[in-house]
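One structure below.
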Amino acid sequence: MTSRRVSTARDSGFAAALRSLVRGDVRENESLSRWSTYRIGGPATVLFPANGEDVAAAVQRCARSGVPWFALGLGSNLLFPDHGLDALVIRVGKGLDQITQRNAEWVIGAGVPAPLAAKRTAAAGWGGIHKMVGVPGSVGGGVVMNAGCHGAEWRDVVRTVHTIDAQGNDHLVAAAEAGFSYRRSDLGHVVVVSTTVALHEADATRLEEETESLYRWRKDGTPFNQPCCGSVFKNPAVPADHDPKGPRTSGQFIEATGLKGLRVGGAEVSAMHANYFINTGSATAADVVELMRTVRTRVGDKWGVTLEPEVKLIAADGGVMPLTS
Ligand SMILES: Cc1cc2nc3c(=O)[nH]c(=O)nc-3n(C[C@H](O)[C@H](O)[C@H](O)COP(=O)(O)OP(=O)(O)OC[C@H]3O[C@@H](n4cnc5c(N)ncnc54)[C@H](O)[C@@H]3O)c2cc1C
């Protein structure tokens with residue numbers, strides 16, 4: 001049987017065909033603002049896979065129909081476009097959220113929220129990912145982004161990553177092959193299904209106290225509960241002749257340029273932490289992008305450094321766009 005070629009997952013025929021192949025839910029015209037911590041984004045067709053087989057079936061269907069796809073975790077490091085996506089959004093969450101322990105090795109589903117994984121392992125007396133309690137993404141998104149805080153990163157503990165590639169094939173990728181570096185990996189266009197991490201035994205009470213105080217520190221120092229995506233810009237490379245007493249991090253550069261509180265539409269540079277741009281309620285993706293451009297230009301003009309986005313600006317086909325001037 002030959003299938004009709006479409007290039008957008010918004011085609012209702014595509015959604016119907018996908019529905020017949022998977023156990024999970026397929027929602028059309030789903031507002032992506034519900035699925036990103038920015039609370040920004042237009043409509044898309046979203047699959048909530050019930051298991052890895054659903055993921056494989058979906059990417060195979062996309063390949064046959066010429067439809068691009070995008071793997072979504074908790075949406076805490078991206079900005080979706082106002083007009084939504086043509087790509088099928090594969091939202092990894094429930095269904096891919098099992099946690100299994102084999103002595104020091106823990107297999108953690110990509111759909112588990114990282115703070116939950118941190119708390120569960122700490123309460124069981126295993127340290128290694130407990131510091132991720134303040135990173136509000138999924139385990140899958142954390143591994144793909146090599147997320148980290150308080151000096152810990154996913155690459156410190158990951159042994160293998162179970163992925164499904166664009167043809168629907170399973171792979172067990174060893175950490176050494178995952179290409180981890182600062183806030184990135186080279187896992188490519190795959191869906192992460194789970195990861196195996198090696199943890200160390202420690203006192204549960206001490207670990208829980210540590211996770212509690214780290215969480216409190218995050219909540220007190222950042223606009224944690226407001227719609228945002230965490231750090232907007234990566235920390236820049238500073239010129240060799242840069243004043244050692246001057247700003248070094250993106251947040252310090254933005255603050256030292258006097259941009260705290262700067263606003264475009266509903267998007268605002270947080271008064272609490274200058275590298276966090278918050279959605280004050282009505283922000284569009286266009287507002288956030290314009291604010292990013294203005295901040296980058298003003299910081300560049302004053303200090304001669306170039307700020308590069310840490311947040312991923314997602315295009316209609318699910319690809320990542322550069323921040324153009
Ligand atoms: C308040 C706040 C504080 C933050 N603090 C930190 C911090 O301290 N340290 C830090 O590193 N980050 C931080 N972040 C950013 C963010 O939480 C991390 O990058 C997180 O790991 C992203 O995970 P996610 O599930 O939300 O990924 P998403 O935002 O959903 O996706 C990010 C990228 O990962 C890909 N992806 C997600 N899940 C999968 C999957 N299962 N398979 C394949 N690809 C996938 C997406 O395609 C996308 O390219 C913060 C964000 C917020 C909102």
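We count residues from 1, following the sequence as given.
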Exercise for review: Using a strict cut-off of less than 4.0 Å between a Lys/Arg side-chain nitrogen and an Asp/Glu carboxylate oxygen, indicate whether Arg293 and Glu290 qualify as a salt bridge.
Suggested key: yes
**Study point:** Pairwise side-chain contact, Val22 with Arg61, heavy-atom cut-off 4.5 Å (strictly under)
**Key:** no
Check your understanding: Do the side-chain N and O atoms of Asp11 and Thr8 include a donor-acceptor pair separated by under 3.5 angstrom?
Key -> no
**Study point:** Smallest separation among heavy atoms of Asn77 and Glu310, with atom names
**Key:** ND2-O, 3.3 Å
Point to revise | Closest contact, heavy atoms only, Val135 versus Ala114 | key: O-CB, 3.7 Å
Check your understanding: Which pairs count as salt bridge (charged side-chain N to carboxylate O under 4.0 Å, His left out) when at least one residue sits in residues 172-184, sequence neighbours excluded?
Key -> Glu153-Arg183, Arg184-Asp186
Review point. Do Arg10 and Leu88 touch side chain to side chain, with heavy atoms closer than 4.5 Å?
Key: no
**Study point:** side-chain hydrogen bond (donor to acceptor under 3.5 Å, both in side chains) against Arg216, all qualifying residues, sequence neighbours excluded
**Key:** none
Check your understanding: Where do Lys131 and Ala152 come nearest, in terms of heavy atoms and distance?
Key -> CD-CB, 3.9 Å
Review point. Do the non-hydrogen side-chain atoms of Val143 and Leu187 ever get within less than 4.5 Å of each other?
Key: yes
**Study point:** Validation row: Val157, Thr195 side chains within 4.5 angstrom (heavy atoms)
**Key:** no
Revision key, fill the gap. Between Ile90 and Ala58, the two heavy atoms sitting closest are CD1-CB, 4.3 Å
**Study point:** Considering all heavy atoms, the nearest Pro239-Val305 contact
**Key:** CD-CG1, 3.7 Å
Check your understanding: For Trp154, which residues count as a ring-ring contact (aromatic ring centres under 6.0 Å, His included) partner, sequence neighbours excluded?
Key -> none
Exercise for review: Under the ring-ring contact (aromatic ring centres under 6.0 Å, His included) rule, collect the residues that match up with His171, sequence neighbours excluded.
Suggested key: none
Practice item. Sort and list the pairs that fulfil salt bridge (charged side-chain N to carboxylate O under 4.0 Å, His left out) and have at least one residue in residues 234-244, not counting sequence neighbours. Key: none
Check your understanding: What residues, two or more places apart in sequence or in another chain, satisfy ring-ring contact (aromatic ring centres under 6.0 Å, His included) together with Tyr38?
Key -> none
Review point. Does Thr211 reach the side chain of Tyr215, with side-chain heavy atoms less than 4.5 Å apart?
Key: no
Check your understanding: Taking His200 for the side chain and Gly127 for the main chain, is one N or O donor matched with an acceptor at less than 3.5 Å?
Key -> yes
Exercise for review: Please check if atom CG in Asp203 has more than 12 non-hydrogen atoms from other residues, nucleotides or ligands closer than 6.0 Å.
Suggested key: yes
Point to revise | N/O donor-acceptor pair under 3.5 Å between Asp287 side chain and Thr284 backbone | key: yes
**Study point:** side chain to side chain contact (heavy atoms under 4.5 Å, CB included) between Phe233 and Ile254, worked out
**Key:** CA-CA 10 Å; Phe233 292 108; Ile254 298 167; 4.1 Å; yes
Practice item. Evaluate the criterion side chain to side chain contact (heavy atoms under 4.5 Å, CB included) for residue pair Ile129 and Ile108; output intermediate values, then yes/no. Key: CA-CA 11 Å; Ile129 56 172; Ile108 310 180; 3.7 Å; yes
Review point. Looking at Ala118 and Val133, what are the two nearest heavy atoms and their distance?
Key: CB-N, 3.7 Å
Review point. Can you tell me how far OG1 of Thr257 sits from CZ of Phe253, rounded to the nearest 0.5 angstrom?
Key: 8.0 Å
Review point. Does Pro236 reach the side chain of Ser250, with side-chain heavy atoms less than 4.5 Å apart?
Key: yes
Point to revise | Verdict with reasoning, Leu96 to Val191, per side chain to side chain contact (heavy atoms under 4.5 Å, CB included) | key: CA-CA 11 Å; Leu96 293 166; Val191 179; 5.5 Å; no
Practice item. Please answer whether the main-chain N or O of Arg23 pairs with a side-chain N or O of Asp54 as donor and acceptor at a distance below 3.5 Å. Key: yes
Review point. Any side-chain heavy-atom pair from His83 and Pro81 closer than 4.5 angstrom?
Key: yes
Check your understanding: Within the distance-only criterion (no hydrogens, no angle test), does the side chain of Asp86 pair as donor or acceptor with the backbone N or O of Ala316 below 3.5 angstrom?
Key -> no
Check your understanding: If you count the non-hydrogen atoms of other residues, nucleotides and ligands that lie under 6.0 Å from CG in Asp220, is the total more than 12?
Key -> yes
Practice item. With Arg27 as the cation and Phe48 as the aromatic partner, state whether NZ or CZ is under 6.0 Å from the six-membered ring centre and within 45° of the axis. Key: yes
**Study point:** side chain to side chain contact (heavy atoms under 4.5 Å, CB included) between Leu307 and Val232, worked out
**Key:** CA-CA 9 Å; Leu307 299 180; Val232 171; over 6 Å; no
**Study point:** Trp126 vs Glu201 side-chain heavy atoms within contact, under 4.5 Å
**Key:** yes
Check your understanding: So with a 6.0 Å cut-off around CZ of Arg120, is the heavy-atom count from everything else above 12?
Key -> no
Point to revise | Side-chain (Thr45) to main-chain (Ala9) donor-acceptor, under 3.5 angstrom | key: yes
Point to revise | Same cluster (ILVMFWY, side-chain, under 4.5 Å), Leu323 and Ile40 | key: yes
